[in-house]
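Notes to accompany the following structure.
Just so it is clear, the values below take in all heavy atoms, side chains as well, and ignore hydrogens, waters and symmetry mates.
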Amino acid sequence: MKYKIDEIENGVIVRDVKHFNPVQVAESGQVFRWNALEDDSVNIVSHGKLINIKREKEDIVIRGTNKSEFENIWYDYFDLGRDYVEIRNILSGDIELDKAMEYGEGLRMVNQDPFETTITFIISANNQIPRIKKSVELIAKTYGEAIGEYDGETVYSFPSPEVLSKADVAEIREITRVGFRDQRIVDTSKMIANGEMILDELYNLNREEARNELIKFPGVGEKVADCILLFAYKFADSFPVDVWVQRIMETLYLEEPIPKKHIGDFGRKQFGELAGIAQQFLFYYGRENKIGK
DNA sequence: TGCCAGGGGTTCA
DNA sequence: TGAACCCCTGGC
């Protein structure tokens, strides 16, 4: 453990954490169950738990947890094992990316649960972030378990593959507003629940192999697969290309439009093994500043 | 007020 | 390769 941890009542303080602004991460588009509050803290639902996290000067304060849980769950979830000073050094020297990294000073990757990431990014297809977040909340409320309460509202965990695989397609559509993605959610959950696909085994594959497996899920194409690889499986060189990244790359790096499927390889050539992390900085910077739009 | 385009893509013809 | 797809919101 490379950080000094102090225990407080119902929480921990992680001392001297560089480059971690929870509000920026909440806005980064990689997470859908991080909700920024008025005091600049962020409520997070993950791993069947509700926690609250806030930057206080050099430190990160996490409430709703304890030291052993922090070490077992949140340390890895918040990617605290990776040195972002070093990551940013490696990526530095590119004028546009330097601007994006300065803008996203507190951005970092979050290591999320593969199943939840798969389902939420299936929902993201041809969709918009507020509606994605709403659908994810409704799925948790309908099929998850009550795990706590905030501001008078019950908070629910994300359901298991077993539960979602048995959900009624018409009911999912009716209640959770996912539209045509209803069948994809149930069918993907079935493939996992019945053992046809074992998500944990993808950790043992290389990026191309894991990608080819993920694409077997209905509703998972190349872009969604790349998001799952980057946000759940720690493939830092996975470079998801959505309409925003395409516009940003064309505006900042390319003379002319190139096919979407070639932009990922271009990104890896340009930024190397950490291309996916570079993509996060560019996505955040580009979307907040409407680059290319 | 009401209509219409378009959105973190994927699928199917 | 291109149209269709649920639903919702912002712009006119």
Side-chain angles (χ1 to χ4, degrees), chain A residues 24-35 100 104 107 109-110 112 114 116-139 141-142 164 167-191 197 211-233 235 238-252 257-264 266-267 275-293:
Chain A
Q24 284 191 349
V25 176
E27 294 168 346
S28 70
Q30 60 178 311
V31 290
F32 296 108
R33 302 198 79 192
W34 286 42
N35 290 308
L107 273 186
M109 309 309 297
V110 180
Q112 304 182 64
E116 180 172 339
T117 308
T118 300
I119 298 300
T120 53
F121 279 87
I122 285 173
I123 294 170
S124 80
N126 197 287
N127 209 340
Q128 333 189 85
I129 291 175
R131 201 183 135 205
I132 300 165
K133 291 182 76 166
K134 192 172 171 188
S135 286
V136 174
E137 285 310 310
L138 288 168
I139 285 177
K141 188 174 180 180
T142 309
L164 268 189
D168 180 70
V169 175
E171 181 187 83
I172 286 202
R173 177 176 292 218
E174 174 70 23
I175 296 177
T176 69
R177 321 309 293 158
V178 293
F180 59 81
R181 307 160 193 83
D182 53 1
Q183 190 78 53
R184 300 172 182 177
I185 292 169
V186 174
D187 288 347
T188 292
S189 300
K190 278 183 184 163
M191 287 173 67
M197 185 79 81
R211 192 178 199 250
N212 288 334
E213 291 301 302
L214 288 170
I215 287 175
K216 292 177 182 169
F217 287 127
V220 177
E222 300 191 335
K223 187 270 177 182
V224 169
D226 287 339
C227 284
I228 301 166
L229 293 173
L230 182 61
F231 301 141
Y233 288 103
F235 284 102
S238 180
F239 197 89
V241 181
D242 57 38
V243 290
W244 278 101
V245 172
Q246 181 170 19
R247 280 199 289 256
I248 292 162
M249 293 303 288
E250 283 172 359
T251 304
L252 300 182
I258 68 170
K260 211 171 163 187
K261 56 185 288 196
H262 294 159
I263 296 181
F266 176 85
I277 302 179
Q279 185 268 10
Q280 273 296 282
F281 287 119
L282 291 168
F283 176 79
Y284 180 72
Y285 173 65
R287 200 163 64 89
E288 298 279 316
N289 295 292
K290 302 196 187 311
I291 287 176
K293 214 183 175 189

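- The base of C/dC6 does not come close enough to the side chain of A/Arg177 for any donor and acceptor atom to sit less than 3.5 Å apart.
- Relative to the side chain of A/Ile129, the nucleotides B/dG9, C/dC7, B/dG8 differ in distance, and B/dG8 lies closest.
- In this structure the side chain of A/Arg287 reaches within 4.5 angstrom of the side chain of A/Ile129, judged on heavy atoms.
- Residue A/Pro240 is classed as having no contact, given no heavy-atom separation below 4.0 Å to the nucleic acid.
- Where A/Phe217 and A/Ile132 meet DNA chain B, the nucleotide closest to each residue was compared, and A/Ile132 sits on the side nearer the 5' end.
- The CD1 atom of A/Ile172 lies 10.5 Å from the OG atom of A/Ser135; values are rounded to the nearest 0.5 Å.
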(request) Apply side chain to side chain contact (heavy atoms under 4.5 Å, CB included) to A/Cys227 and A/Lys223, showing your working. (result) CA-CA 6 Å; A/Cys227 284; A/Lys223 187 270 177 182; 3.4 Å; yes
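- Contact of A/Asp182 with C/dC6 (side chain to base): no donor-acceptor pair of N or O atoms is detected under 3.5 Å.
- Judged by closest nucleotide on DNA chain B, A/Asn127 is the one of A/Asn127 and A/Gly219 placed further toward the 5' end.
- Counting only Watson-Crick and G-U wobble pairs whose two distances sit under 3.5 Å, DNA chain B takes part in these stems of three or more pairs: B:2-7 with C:7-12, B:9-13 with C:1-5.
- Straight-line distance between the C1' atoms of B/dG8 and C/dT1: roughly 22 Å, to the nearest whole Å.
- C/dC7 atom P lies 13 Å from atom CG of A/Asn126, rounded to whole Å.
- Separating the P atom of C/dC6 from that of B/dA13 is a span of 14 Å, rounded to the nearest Å.
- Separating the CZ atom of A/Arg287 from the P atom of B/dG7 is a distance of 13 Å, rounded to the nearest angstrom.
- Stacking between A/Trp244 and B/dG7 is absent: the aromatic ring centre is not both under 5.5 angstrom from the base six-membered ring centre and within 30 degrees in plane angle.
- You'll find the ring centres of A/Phe121 and A/Phe32 inside the 6.0 Å limit.
- Rounded to a whole Å, the CZ atom of A/Phe180 is 9 Å from the C1' atom of C/dC7.
- Looking at the side chain of A/Ala125, the nearest of the listed nucleotides C/dC7, B/dG6, B/dG9 is B/dG9.
- In this structure, CD1 in A/Ile291 is found 11.5 Å from CE in A/Met249, a value given to the nearest 0.5 Å.
- At least one side-chain heavy atom of A/Thr118 sits under 4.5 Å from a side-chain heavy atom of A/Ile122.
- Contact annotation for A/Phe231: no contact, since no heavy-atom pair falls under 4.0 Å across all strands.
- At the heavy-atom level, A/Val245 lies nowhere under 4.0 Å from the strands shown.
- Remark: A/Glu137 does not engage A/Lys134 in a salt bridge, criterion side-chain N to carboxylate O under 4.0 Å.
- Counting to the nearest Å, the C1' atom of B/dG7 and the NZ atom of A/Lys133 are 17 Å from each other.
- Considering only residues two or more places apart in sequence or on other chains, A/Pro259 meets the side chain to side chain contact (heavy atoms under 4.5 Å, CB included) condition with A/Lys261, A/His262.
- If you take atom P in C/dA3 and the same atom in B/dG6, they sit 14 Å apart, rounded to whole Å.
- Here the C1' atom of nucleotide B/dG8 and the CD atom of A/Gln112 are 14 Å apart, to the nearest Å.
- As rounded to whole Å, 18 Å separates atom P of B/dG9 from atom CD1 of A/Ile119.
- Between the NZ atom of A/Lys134 and the C1' atom of B/dG7 there is a distance of 16 Å, rounded to whole Å.
- Among the protein residues, A/Arg131 comes within range of the nucleic acid bases, having at least one heavy atom under 4.0 Å from a base atom.
- Look at CZ on A/Arg184: it is 14 Å from P on C/dC7, rounded to the nearest Å.
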